[in-house]
Participant: 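Before I ask anything, here is the structure I am working with.
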Protein chains: 2
Amino acid sequence: MAEKTLKERIIDTALRLFEQYGYHGVTVDRIVTESNASKGGFYHNFKSKDELLYHIHDVFITYVLNKAQEAYKNYHKPTERLCAIVQSFVKVFHLYKPHITVFYQESTYLRPEYSQKINEKRDEFKQVIFQVIREGIEAGEFRPELSVEITGMSIIGMVNWTYKWYKPNGPMTIEQIAIHFIDFILHSVLTEEAKKKMENSAFFLAHKQMI
Amino acid sequence: MAEKTLKERIIDTALRLFEQYGYHGVTVDRIVTESNASKGGFYHNFKSKDELLYHIHDVFITYVLNKAQEAYKNYHKPTERLCAIVQSFVKVFHLYKPHITVFYQESTYLRPEYSQKINEKRDEFKQVIFQVIREGIEAGEFRPELSVEITGMSIIGMVNWTYKWYKPNGPMTIEQIAIHFIDFILHSVLTEEAKKKMENSAFFLAHKQMI
DNA sequence: GCAAACAAACCAACTAGTCGGTCTTTGCAT
DNA sequence: ATGCAAAGACCGACTAGTTGGTTTGTTTGC
């Protein structure tokens with residue numbers, strides 16, 4: 001197996017430290033010490049401490065956005081798309097928890113040139129979700145009285161908040177959590193008609209038996 | 001009308017600056033300058049910059065906890081309690097938005113002696129919500145297959161996330177947002193039976209007509 | 001007279017970033 | 001293959017600037 005590069009070691013260490021102590025609670029010296037690197041090595045790989053923070057942000061948001069777009073492409077009915085997006089979104093919290101914590105706690109400290117790039121991708125992600133909800137309403141699968149924005153932000157908020165309480169080795173697996181979220185969301189957004197149809201669909205049954 | 005005390009002026013300024021630039025993005029000197037105070041005046045009112053941060057946290061969490069407990073006492077059916085708590089919770093975002101932003105972005109930087117006190121109140125708040133959900137399930141108003149913790153955290157997350165997108169002068173009033181949240185939540189947690197009962201209750205009708 | 005507040009100089013600690021230098025790998029001409 | 005020079009990776013002592021907090025003395029208003 002390949003050795004980890006210095007850059008990877010620095011990122012891993014920084015991620016761990018930022019998650020626990022916050023961006024400003026961790027000095028470059030400490031990152032360097034705990035990753036068995038040096039000041040020179042650090043600045044050889046990163047222009048600045050800011051750039052390291054940006055890098056962490058970018059890895060996460062790029063991944064999430066890709067997953068959402070992928071889920072959108074792989075399914076065609078709004079309900080299925082919504083489920084797939086939420087499911088992949090929730091699963092990210094298992095592998096990327098430190099990234100996410102940093103993403104939501106420290107984004108204030110991103111310099112403008114960096115935060116702009118991040119915000120573009122973040123907005124794109126939001127638009128995918130809004131789009132699915134809009135299509136769901138148009139298709140008659142989702143309740144017409146829903147507000148696209150508030151419903152979208154409710155879903156995003158509910159899922160995002162997971163980073164505050166999810167424990168990778170806790171009593172709930174990430175898959176179980178995802179199923180509960182989807183159950184919660186579907187009960188809210190589906191029309192009565194769509195709910196009845198769902199009960200007979202293979203897609204829904206595959207989920208239900210997992211609870 | 002009474003003049004604002006120096007302490008209040010400092011807090012207001014700090015709140016505004018912390019919200020925008022983050023705790024570490026604002027120096028004591030800047031707070032002092034922009035609140036037309038002096039360093040002496042600052043340290044006369046606060047032991048340290050940390051204590052100021054704690055104070056901001058405490059004002060907010062104390063208020064929210066009181067409101068939740070009040071709502072719990074004022075109502076007796078689980079469904080009504082849940083609605084009342086969510087409604088008062090959401091409304092807080094209108095008046096306390098800067099507090100909340102600081103609360104969720106900067107809590108990492110609270111010193112242990114402070115964060116412990118804050119966490120106690122925060123946990124107490126969570127327990128009120130969990131309790132209501134538990135009682136709702138027991139009373140047969142809420143779906144028995146719900147997980148108390150995940151449902152509770154879903155609601156808290158959904159509402160808390162509001163601080164990331166709510167604009168006090170935006171197109172949606174806080175009351176409208178609250179109604180959408182409650183609508184979303186009730187569709188998720190209520191049993192079919194409870195939903196039908198609700199449609200005839202004065203409590204529910206008063207809400208419905210506001211959408 | 002006394003507490004609240006001001007002014008400003010001062011300090012010690014800390015921290016992001018630099019810079020001259022070393023070691024290792026790579027590429028290329030012989 | 002071998003020698004060798006250039007490039008790149010990495011080191012760590014050092015610096016320049018910042019920042020929370022202190023001190024000392026003064027002013028204001030109840």
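Just so it is clear, the values below take in all heavy atoms, side chains as well, and ignore hydrogens, waters and symmetry mates. Note on naming: letters A, B, ... go to the chains in the order of the sequence lines (proteins, then strands), and numbering restarts at 1 for each one. Treat the numbers as computed from the prediction; the structure is a model and nothing was measured.
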Participant: To the nearest Å, how far apart are A/L52 CG and C/dA16 C1'?
Facilitator: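 So the CG-C1' distance, A/L52 to C/dA16, works out to 13 Å.
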Participant: Taking CZ from B/R30 and P from D/dG20, how many angstroms apart are they, rounded to a whole number?
Facilitator: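 About 12 Å, once rounded to whole Å.
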Participant: Report the residue (B/S48 or A/R9) whose heavy-atom-nearest nucleotide on DNA chain D is the more 5′ of the two.
Facilitator: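 Nearest nucleotide further toward 5': that of A/R9.
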Participant: Let's see if you can work this out: which of D/dT19, D/dG21, C/dA5 has an atom nearest to the side-chain heavy atoms of B/N45?
Facilitator: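 Nearest nucleotide to the side chain: C/dA5.
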Participant: Using a strict cut-off of less than 4.0 Å between a Lys/Arg side-chain nitrogen and an Asp/Glu carboxylate oxygen, indicate whether B/R30 and B/E34 qualify as a salt bridge.
Facilitator: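 Looking at B/E34 together with B/R30, the answer is yes, because their closest N to O distance falls below 4.0 Å.
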Participant: Cationic tip of A/R81 within the cone over A/Y72's six-membered ring, i.e. under 6.0 Å and within 45° of the normal?
Facilitator: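 Positive - A/R81 is close enough to the ring of A/Y72 and near enough to its axis.
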Participant: What nucleotide, of C/dT18, C/dC6, D/dG21, holds the atom closest to the side chain of B/K39?
Facilitator: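 Side chain of B/K39 sits closest to D/dG21.
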Participant: For the side chain of A/T27, starting at C-beta, report the closest nucleotide among D/dG21, C/dG17, C/dT15.
Facilitator: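 Of D/dG21, C/dG17, C/dT15, C/dT15 is nearest to the side chain of A/T27.
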Participant: Using atom CG of A/D29 as one end and atom P of C/dT18 as the other, report the distance to the nearest whole Å.
Facilitator: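 For the pair A/D29 CG and C/dT18 P, the rounded distance is 14 Å.
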Participant: Counting the atoms with a prime plus P, OP1 and OP2 as sugar-phosphate, which does A/K49 contact under 4.0 Å by heavy atoms, base, sugar-phosphate, or nothing?
Facilitator: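 Since only primed, P, OP1 and OP2 atoms lie under 4.0 Å of A/K49, the category is sugar-phosphate.
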Participant: Under 6.0 Å from the six-membered ring centre of B/F46 and within 45° of its axis: does the NZ or CZ of B/K7 meet both?
Facilitator: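 Yes; both conditions hold, so B/K7 lies above the ring face of B/F46.
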Participant: Which of these nucleotides, C/dA8, D/dC10, C/dT15, is closest to any side-chain atom of A/S38?
Facilitator: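 Ranking C/dA8, D/dC10, C/dT15 by closest atom to the A/S38 side chain puts D/dC10 first.
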Participant: Flag the pair B/R143 and A/D183 as a salt bridge only when some basic side-chain nitrogen lies within less than 4.0 angstrom of an acidic carboxylate oxygen.
Facilitator: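 Salt bridge flag = yes for A/D183 with B/R143.
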Participant: Could you pick out which residue, B/G40 or A/K47, lies toward the 5' side of DNA chain C when each is mapped onto its nearest nucleotide?
Facilitator: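 Closest to the 5' end, via its nearest nucleotide, is B/G40.
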Participant: Rounded to whole Å, how long is the line connecting atom OH of B/Y43 with atom P of D/dG20?
Facilitator: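 So the OH-P distance, B/Y43 to D/dG20, works out to 7 Å.
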Participant: Given atom CZ of A/F46 and atom P of D/dA9, what is their separation to the nearest angstrom?
Facilitator: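 That distance rounds to 13 Å.
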Participant: Grab the CD-C1' distance between A/E8 and D/dA9 for me, whole Å please.
Facilitator: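 The answer, rounded to whole Å, is 15 Å.
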Participant: Which is true for A/H44 with a 4.0 Å heavy-atom rule: it touches a base, it touches only sugar-phosphate, or it touches nothing?
Facilitator: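 Base, at least one base atom sits under 4.0 Å.
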Participant: For B/V26, which contact category applies under a 4.0 Å heavy-atom criterion: base, sugar-phosphate, or nothing?
Facilitator: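 The answer is sugar-phosphate, as B/V26 gets under 4.0 Å only of primed atoms, P, OP1 or OP2.
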Participant: State, to 0.1 Å, how close B/I177 and B/V90 come at their nearest heavy-atom pair, and which atoms those are.
Facilitator: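 Result for this residue pair: CG2-CG1, 4.3 Å.
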Participant: From CZ of B/F42 over to C1' of D/dG20, roughly how many Å is that when rounded to an integer?
Facilitator: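 About 9 Å, once rounded to whole Å.
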Participant: State which of D/dT22, C/dA16, C/dC6 makes the closest approach to the side chain of B/L6.
Facilitator: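 For the B/L6 side chain, the nearest candidate turns out to be C/dC6.
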Participant: Nearest-Å distance, NE2 (A/H24) to C1' (D/dT19)?
Facilitator: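 Taking NE2 of A/H24 and C1' of D/dT19, I get 12 Å after rounding.
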